[in-house]
Amino acid sequence: MIDPKLLRQSADDVASNLARRGFEFDTGAYLALEERRKGLQVETEKLQSERNASARNIGKAKARGEDIEPLLAAVKDLGDKLDGNEAELAKVRSELRDIELGLPNLLADDVPAGTTEDDNTQVRRWGEPAEFGFEARDHIELGESLGMLDFESASRISGARFTVMRGSLARLQRALIQFMLDTHTSEHGYEETYVPYLVQSQALVGTGQLPKFEEDLFKTASETPFYLIPTAEVPVTNLARDSILDYSDLPVRYVAHTPCFRSEAGSHGQDTRGMIRQHQFEKVELVQFVEAGKSDAALDELTGHAEVVLRRLELPYRTVILCSGDTGFGSTKTYDIEVWLPGQQKYREISSCSNYNDYQARRMQARYRNPQTGKPELLHTLNGSGVAAGRALIAVMENYQNEDGSIRIPSVLQPYMGGQEVISRGS
RNA sequence: GGAGAGAUGGCUGAGUGGUCGAAAGCGCUCCCCUGCUAAGGGAGUAAGGGUUGAUAGCCCUUCGAGGGUUCGAAUCCCUCUCUCUCCGCCA
């Protein structure tokens with residue numbers, strides 16, 4: 001959520017920033033509603049103040065043993081008037097809130113202009129795509145010929161966009177997850193967390209998926225519905241919800257491995273083959289809470305933490321900064337890390353690292369105490385994939401393939417594979 | 001699933017219709033005293049919001065959540081959620 005004070009005072013500045021995303025903010029309608037809110041609130045609070053004063057007087061008079069009937073008569077109409085005002089105010093406030101929750105975050109100044117992902121710009125590149133002396137296969141072909149990737153069974157069980165993995169390949173994904181968690185906890189200072197995979201709507205409002213993107217989520221049919229998390233960002237970031245962190249605890253760094261569930265509504269026809277785009281996938285997520293003013297540096301640092309994983313795995317990648325039109329709803333600035341996939345001859349997203357500034361923190365009242373002023377201030381929240389395990393698995397398969405269809409295991413993963421060096425049919 | 005108890009400020013914990021946003025203790029901050037790995041004295045110390053040039057005043061809201069009764073509710077009534085204890089069941 002954008003600071004409502006800023007919206008009131010500088011609505012046009014906000015609108016022109018949001019226009020960079022292609023988002024249209026109707027400032028006139030907002031400000032008119034805001035004027036009504038102001039009038040109603042002042043009026044309502046005045047009435048509340050009157051009610052409180054007279055209630056106190058009645059109490060005192062009663063204590064003195066005086067006749068309170070005249071006093072009661074005097075406040076007779078106050079209650080009804082107040083009820084009406086309060087109801088109207090609540091309505092206006094909720095309309096304002098609906099608008100505010102529907103506004104994306106302000107973009108950072110250095111986000112490049114653009115409309116689609118084609119306008120994202122590369123900020124660095126690492127490694128060189130390997131030359132194979134044969135035609136590189138994609139992960140589907142590799143996995144199926146190894147007998148370890150089974151889309152047929154998956155579709156029989158759950159339909160499209162699911163995967164069944166077997167044997168060493170299933171283990172390899174687990175190895176990747178373990179390796180990533182260990183790297184982030186022991187080298188990058190993250191605390192490992194285990195969090196719920198089912199959350200209530202308020203948590204998703206806090207991180208920004210709701211109310212706007214409900215169609216992307218899976219929802220249970222229970223009486224109070226649960227949503228399946230689309231990313232660990234949701235439960236992990238909500239750890240700071242409604243709390244005031246000690247300054248000395250900052251920066252807070254959490255890492256979590258969770259499955260992620262996405263309906264992929266609206267992406268019909270995209271990546272229908274293979275396990276690039278699934279309803280369920282594994283991801284290791286990095287989350288940071290930092291003090292205001294330190295989130296820019298933290299984003300660079302967090303992105304670097306994700307990149308370390310790919311370097312250790314010796315997977316060629318490039319890092320791009322998302323353009324204004326491609327930056328996510330709540331993000332002020334996002335770096336995507338794209339890994340080289342020989343089977344597609346393309347760089348594909350494997351991590352997305354974003355600075356949310358105080359946008360999520362305001363939605364969930366996540367604060368820290370400023371030691372200078374002693375007052376609570378909104379945290380800045382960041383998150384990024386460190387990295388998506390399913391896609392990392394694809395990247396390893398395709399980049400480490402041999403001509404005979406076997407797959408070498410990256411050396412950093414071998415300890416997690418009981419020393420195994422190659423995955424071949426039957427092993 | 002059954003029975004019972006509870007939910008109050010950073011923490012512990014009083015408070016059962018009328019200056020209660022809330023005693024006391026702990027913690028924390030500042031000051032004084034003391035001059036030393038201590039103790040003592042004093043003051044302050046919830047959050048959110050509105051108004052405003054203002055982090056000055058003033059005002060509003062909040063004692064798990066949501067309703068209700070009342071001139072007035074932390075206190076009474078209803079619903080819900082959560083926590084704890086015991087029993088049952090269970091990975």
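To find a chain, count down the sequence lines: A is the first, B the second, and so on, and within it residues start at 1. Values in this document were obtained by computation on a predicted structure and should not be read as measured data.
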In sequence, state the C-alpha distance, the side-chain angles, and the governing distance for A:His279 and A:Phe162, and then conclude on ring-ring contact (aromatic ring centres under 6.0 Å, His included).
CA-CA 6 Å; A:His279 286 311; A:Phe162 289 92; 5.3 Å; yes
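- Note on A:Asn57: every side-chain N or O is 4.0 Å or more away from OP1 and OP2 of B:U19.
- Between A:Lys294 and A:Glu291 there is a salt bridge, since at least one side-chain N of the basic residue sits less than 4.0 Å from a carboxylate O of the acidic one.
- If you check the side chains of A:Lys333 and A:Thr327, you find no donor sitting under 3.5 Å from an acceptor.
- B:G17 and B:A74 have their C1' atoms separated by 11 Å, with the value rounded to a whole Å.
- As a whole-Å value, the separation of A:Arg56 CZ from B:U70 C1' is 17 Å.
- Taking atom CZ of residue A:Arg51 and atom C1' of nucleotide B:U19, one finds them 15 Å apart after rounding to whole Å.
- The aromatic rings of A:His188 and A:Tyr190 stand perpendicular to each other, their planes meeting at an angle above 60°, with 30° marking the opposite boundary.
- Rounded to whole angstrom, the span from the CD1 atom of A:Ile244 across to the C1' atom of B:U45 amounts to 13 Å.
- For the 3.5 Å distance criterion, the side chains of A:Tyr416 and A:Asp182 qualify, holding a donor opposite an acceptor.
- The distance between atom CG of A:Leu378 and atom C1' of B:U55, rounded to the nearest whole Å, is 15 Å.
- Nucleotides B:A47 and B:U37 are separated by 38 Å at their C1' atoms, to the nearest Å.
- Spacing of P atoms, B:A91 relative to B:A3, comes out at 25 Å, to the nearest Å.
- Going from the C1' atom of B:G4 to that of B:C11 covers 27 Å, rounded to whole Å.
- For B:A65 and B:U81, the C1' atoms lie 7 Å apart once the distance is rounded to whole Å.
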Quick one, A:His257 with A:Tyr194, criterion ring-ring contact (aromatic ring centres under 6.0 Å, His included). Give me CA distance, side-chain angles, the key distance, then yes/no.
CA-CA 7 Å; A:His257 154 242; A:Tyr194 172 80; 9.2 Å; no
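- Going from atom OH of A:Tyr247 over to atom P of B:U29 covers 16 Å, rounded to whole Å.
- Atom CD1 of A:Ile68 and atom C1' of B:G17 are 13 Å apart (whole Å).
- Separating the C1' atom of B:C33 from that of B:A38 is a span of 14 Å, rounded to the nearest Å.
- No hydrogens or angles considered: nothing links the side chains of A:Glu264 and A:Gln278 as a donor-acceptor pair under 3.5 Å.
- Atom NZ in A:Lys60 sits roughly 11 Å away from atom P in B:C20 (whole-Å rounding).
- With no hydrogens or angles considered, a side-chain donor-acceptor pair links A:Glu377 and A:Asn370 at under 3.5 Å.
- Between A:Gly59 and A:Leu72, it is A:Gly59 whose nearest contact on RNA chain B lies nearer the 5' terminus.
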Yes or no on side chain to side chain donor-acceptor pair (under 3.5 Å) for A:Glu214 and A:Tyr227, after CA distance, side-chain angles and deciding distance?
CA-CA 9 Å; A:Glu214 177 152 24; A:Tyr227 291 87; 2.6 Å; yes
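- Residue A:Asp246 is classed as having no contact, given no heavy-atom separation below 4.0 Å to the nucleic acid.
- With P as the reference atom, B:U16 and B:G27 are 28 Å apart, rounded to whole Å.
- Look at A:Ser49 and you won't find any side-chain N or O under 4.0 angstrom from OP1 or OP2 of B:C59.
- A donor-acceptor contact under 3.5 angstrom links the side chains of A:Tyr317 and A:Arg311, judged on distance only.
- Neither side chain, A:Tyr254 nor A:Glu192, offers a donor N or O lying under 3.5 Å from an acceptor on the other.
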Tabulate atom names and distances for all N/O pairs under 3.5 angstrom spanning the protein and nucleotides 48-52 of chain B.
unit_1 : atom_1 : unit_2   : atom_2 : d
B:G48  : OP1    : A:Arg367 : NH1    : 3.3
B:G49  : O2'    : A:Gln41  : NE2    : 3.4
B:G49  : O2'    : A:Arg93  : NH2    : 3.3
B:G49  : N2     : A:Glu45  : OE1    : 3.3
B:G50  : OP1    : A:Arg8   : NH1    : 3.1
B:G50  : OP1    : A:Arg8   : NH2    : 2.5
B:G50  : O4'    : A:Gln41  : NE2    : 2.9
B:G50  : O3'    : A:Arg37  : NH2    : 2.7
B:U51  : OP1    : A:Arg37  : NH2    : 3.3
B:U52  : OP2    : A:Lys38  : NZ     : 3.3

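- Of the candidates B:A47, B:U61, B:G18, B:A47 carries the atom nearest the A:Lys375 side chain, counting heavy atoms from C-beta on.
- Projected onto RNA chain B by closest heavy-atom contact, A:Glu50 and A:Lys62 fall at different nucleotides, the more 5' of which corresponds to A:Lys62.
- If you take atom P in B:G50 and the same atom in B:A56, they sit 15 Å apart, rounded to whole Å.
- Rounded to whole angstrom, the span from the CD atom of A:Glu43 across to the C1' atom of B:C59 amounts to 14 Å.
- In RNA chain B, the stems built from three or more successive Watson-Crick or G-U pairs (distances below 3.5 Å) are B:1-7 with B:81-87, B:10-12 with B:24-26, B:27-32 with B:40-45, B:46-51 with B:57-62, B:64-68 with B:76-80.
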